[in-house]
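Here the structure is a predicted model, which is why all the values come from computation and not from measurement.
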Amino acid sequence: MEQMKAASKETGNAPVKPVIYQVFPRLFGNNHRACKPGGTIEENGCGKFADFTMRALEEIKALGATHVWYTGVLEHATQTDYSRYGIPKDHPAVVKGKAGSPYAVKDYYDVDPDLAHNVDGRMEEFEHLVQRTHRAGLKVVIDFVPNHVSRQYAPDRQPAGVPALGSGDDKGKAFSPDNNFYYIPGTALHGQFDMKAGARMPYSEFPAKATGNDRFDASPNRDDWYETVKLNYGVDYVGGSACHFNPIPDTWYKMLDILKFWADKEIDGFRCDMAEMVPVDFWEWAVPQVKRHKPGIVFIGEVYNPQLYRTYLERGRFDYLYDKVGLYDTLRAVVAGDRSAIDLSRCWQSVEGIGPHMVNFLENHDEQRVASSFFAGNARKAVPALIVSALMGTNPFLLYSGQELGERGMDSEGFSGRDGRTTIFDYWRVDSVSRWRNGGKFDGKLLTDAERSLRGIYQKVLLLCNAEPAITQGSFFDLTYANRGGWRFDEHRQFAFLRKFEKTLLLTVVNFNATGVEVGVNIPQHAFDCLGWPRMDRCKATDLLGGQEVELSLTPDRPATVSIEGYMGRVLKVTLP
């Protein structure tokens, strides 16, 4: 079936297509020019909530963003000593990097002290950030990390009367539905990693707790999530994965309270880390309660198993899930020349019926940067992938800060080695982002011509997401099947599709090759019938990316001729009188 239905009918108010700008506050505002690998916060500096000024937020919105996902907001384990502020010090052996992993949460009711100018007033600084973001016309998303916490989870700002996780656990039981953690009774943790890490005494944990990536023994290694411990939602993994959900496990109530706490901070959505490692039964119970508590709040789930997509959307009540294994993996391989563009058709077909609920992306903090030597090596190579990912559906698109500038992620920052990813563990400066900010001026003067050009392309594409009703709510028709073996169309390196809403039709064609081409795009009669669009032997079309007006033939009798530069695309708009 070539047609993918739109998210909404061609009536009513136009919906917003979410364009999510993911950003690490720790990295965004850091201008320190002489960062040393593995450096401390004093040596390398650190960005703050306050760096997101109104000017900064307006610039993010001007890029086309509708939401900002502030990553690493919750207080997490760190090697920086904040004990003078009442925050317990962490043992370095169970902290990854000097700054620490933002997914090793140490207090679900607090924010990262690194991000505040006034550590004692850190929550107020976060609340002011939320208010500024809303004033800029953007919505706020933060992480909810439900599957695991730091090994030394020690809340210092938990509300009065709320018991801490694990405070009532029976540590003599490997599993109990009343426990918040899983234990290895009678056994001390003897990790296969440096248990001292420069401290005077080795890290001690007795009895050992199960590790966050479902390791239920006392010997996690460096490749495990050894800095975290698994939370118990009532599934007895060691005892055969039997579920104990009646009565409701204690962990469920505690996590629901945490979700409501943050909803009351006026945030607009949660990006739920490793949601598929938490039983769908919890989400089915919790999400509707949070949505009743804060109508309109959005849940985005990190779910990688395609077999679970419909379960977590339908039963788990998630609004959106990552499309990682489908569209991201396929686009990456097409950009690299390892797969044919024909395979892109299978991506939307595999999520047909739930496509509007999948989040498309080319980068995030877990993936390698497009411009890195491990991916494309050149950010321009992925522009066709950007156009497809952002414009093919009505679903959200996620942009990772620096992606629009061609950030390479090729630094050796410390714990995070030279792996093509921007570190989430270390204090560091992201060069391209720092130069774009230019001390808060955002004037582009420190960017290279290539960076300015790339950002301009991203801006045009992302602004189209909500400027054109054909993209926010229009129908979709994949032209792949009509162009296989075409005389002037390489179905392996070009991809074409139609989007239509009311009296507007968009013909999008992309070219994954380095050299420019003139293609002939076959548009079958079936497309005209499905979209309710008349044959047009000769019409005027406007290229929404280049601004040029071109003459186009829209008829099943002969191909539509389109010229495309290398690593580029055209979005040709035709409007009926």
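- Here Arg151 pairs with Glu205, Thr211 under the side chain to side chain donor-acceptor pair (under 3.5 Å) rule; sequence neighbours left out.
- Aromatic ring centres of Tyr253 and Trp285: separated by under 6.0 Å.
- With contacts defined as side-chain heavy-atom distances shorter than 4.5 Å, the pair Phe24/Val433 does not qualify.
- Lys17 contributes a side-chain N or O that, together with a main-chain N or O of Asn395, makes up a donor-acceptor pair within less than 3.5 Å.
- Residue pairs meeting the salt bridge (Lys or Arg N to Asp or Glu O under 4.0 Å) criterion with at least one member in residues 56-74, sequence neighbours excluded, are Arg55-Glu59.
- A donor-acceptor pair is defined here as one N or O able to donate and one able to accept, closer than 3.5 Å; such a pair exists between the side chain of Asp319 and the backbone of Phe299.
- Phe495 has its side chain within reach of Ser345: a pair of non-hydrogen atoms, C-beta onward, lies under 4.5 Å apart.
- Asp143 meets the salt bridge (charged side-chain N to carboxylate O under 4.0 Å, His left out) test with Arg271; sequence neighbours excluded.
- Sorted by first then second residue, the salt bridge (Lys or Arg N to Asp or Glu O under 4.0 Å) pairs that include residues 243-253, not counting sequence neighbours, are Asp250-Lys254.
- Phe282 and Phe245 have their aromatic ring centers separated by at least 6.0 angstrom.
- In summary, the aromatic rings of Phe261 and Tyr109 are positioned with their centroids under 6.0 Å apart.
- Under the side-chain hydrogen bond (donor to acceptor under 3.5 Å, both in side chains) criterion, the residue pairs touching residues 457-466 are Gln403-Tyr458, with sequence neighbours excluded.
- When only modelled atom types and interatomic distance are considered, Asn213 and His148 share no side-chain donor-acceptor pair under 3.5 Å.
- Under the 4.5 Å side-chain criterion, counting only non-hydrogen atoms from C-beta, Arg132 is in contact with His128.
- By the 4.0 Å N-to-carboxylate-O rule, Lys324 lies close enough to Asp329 to be salt-bridged with it.
- Note: Phe477 and His526 meet the aromatic proximity criterion, with ring centroids under 6.0 Å apart.
- For the pair Glu407 (side chain) and Arg369 (backbone), a donor-acceptor distance under 3.5 Å is absent.
- Crowding of Lys139 atom NZ: a count of heavy atoms from other residues, nucleotides or ligands under 6.0 Å not exceeding 12.
- The backbone N or O of Gly166 lies less than 3.5 Å from a partner atom in the side chain of Asn180, making a donor-acceptor pair.
- Residues in residues 462-476 take part in these salt bridge (Lys or Arg N to Asp or Glu O under 4.0 Å) pairs, two or more places apart or across chains: Glu468-Lys573.
- By the 30° and 60° cut-offs, the orientation of the rings of His365 relative to Tyr103 is parallel.
- Every residue two or more places apart in sequence or in another chain that forms a side chain to side chain donor-acceptor pair (under 3.5 Å) with Asp156 is listed here: Arg122.
- Not a single donor-acceptor pair under 3.5 Å links the side chain of Thr330 to the backbone N or O of Leu327.
- Aromatic ring centroids of Phe476 and Trp348 lie under 6.0 Å apart.
- Side chain of Tyr233 to backbone of Pro146: a donor-acceptor contact under 3.5 angstrom is found.
- Ring pair Trp262/Phe126 is perpendicular by interplanar angle, where above 60° counts as perpendicular and below 30° as parallel.
- With sequence neighbours excluded, the residues forming a side chain to side chain donor-acceptor pair (under 3.5 Å) with His134 are Asp268, listed by chain and number.
- In this view, Tyr182 and Asn232 satisfy the side chain to side chain donor-acceptor pair (under 3.5 Å) rule, not counting sequence neighbours.
- Under the 4.5 Å side-chain criterion, counting only non-hydrogen atoms from C-beta, Val278 is not in contact with Met255.
- Among residues two or more places apart in sequence or in another chain, the salt bridge (charged side-chain N to carboxylate O under 4.0 Å, His left out) test is passed with Lys503 by none.
- Using modelled atom types, no side-chain atom of Asp224 and backbone atom of Tyr226 make a donor-acceptor pair closer than 3.5 Å.
- No side-chain donor-acceptor contact under 3.5 Å links Arg499 to the backbone of Leu506.
- Taking the charged nitrogens against the carboxylate oxygens, Arg421 and Asp366 have no contact shorter than 4.0 Å, which rules out a salt bridge.
- Using a cutoff of 4.0 Å between basic side-chain nitrogens and carboxylate oxygens, Asp169 and Lys209 are not scored as salt-bridged.
- Taking the side chain as every heavy atom from C-beta outward, Val95 and Glu227 never approach each other to under 4.5 Å.
- Take Arg339 and apply the salt bridge (charged side-chain N to carboxylate O under 4.0 Å, His left out) test, not counting sequence neighbours, and it matches Asp343.
- Between Phe52 and Tyr70, the angle of the ring planes goes over 60°, which puts this pair in the perpendicular group of the 30/60° scheme.
- Under the 30°/60° scheme for interplanar angles, the aromatic rings of Tyr328 and Phe375 are found to stand perpendicular.
- Listed by chain and number, the residues in a salt bridge (charged side-chain N to carboxylate O under 4.0 Å, His left out) with Glu125 amount to none (sequence neighbours excluded).
- Counting non-hydrogen atoms of neighbouring residues, nucleotides and ligands closer than 6.0 angstrom, the NZ atom of Lys260 exceeds 12 such neighbours.
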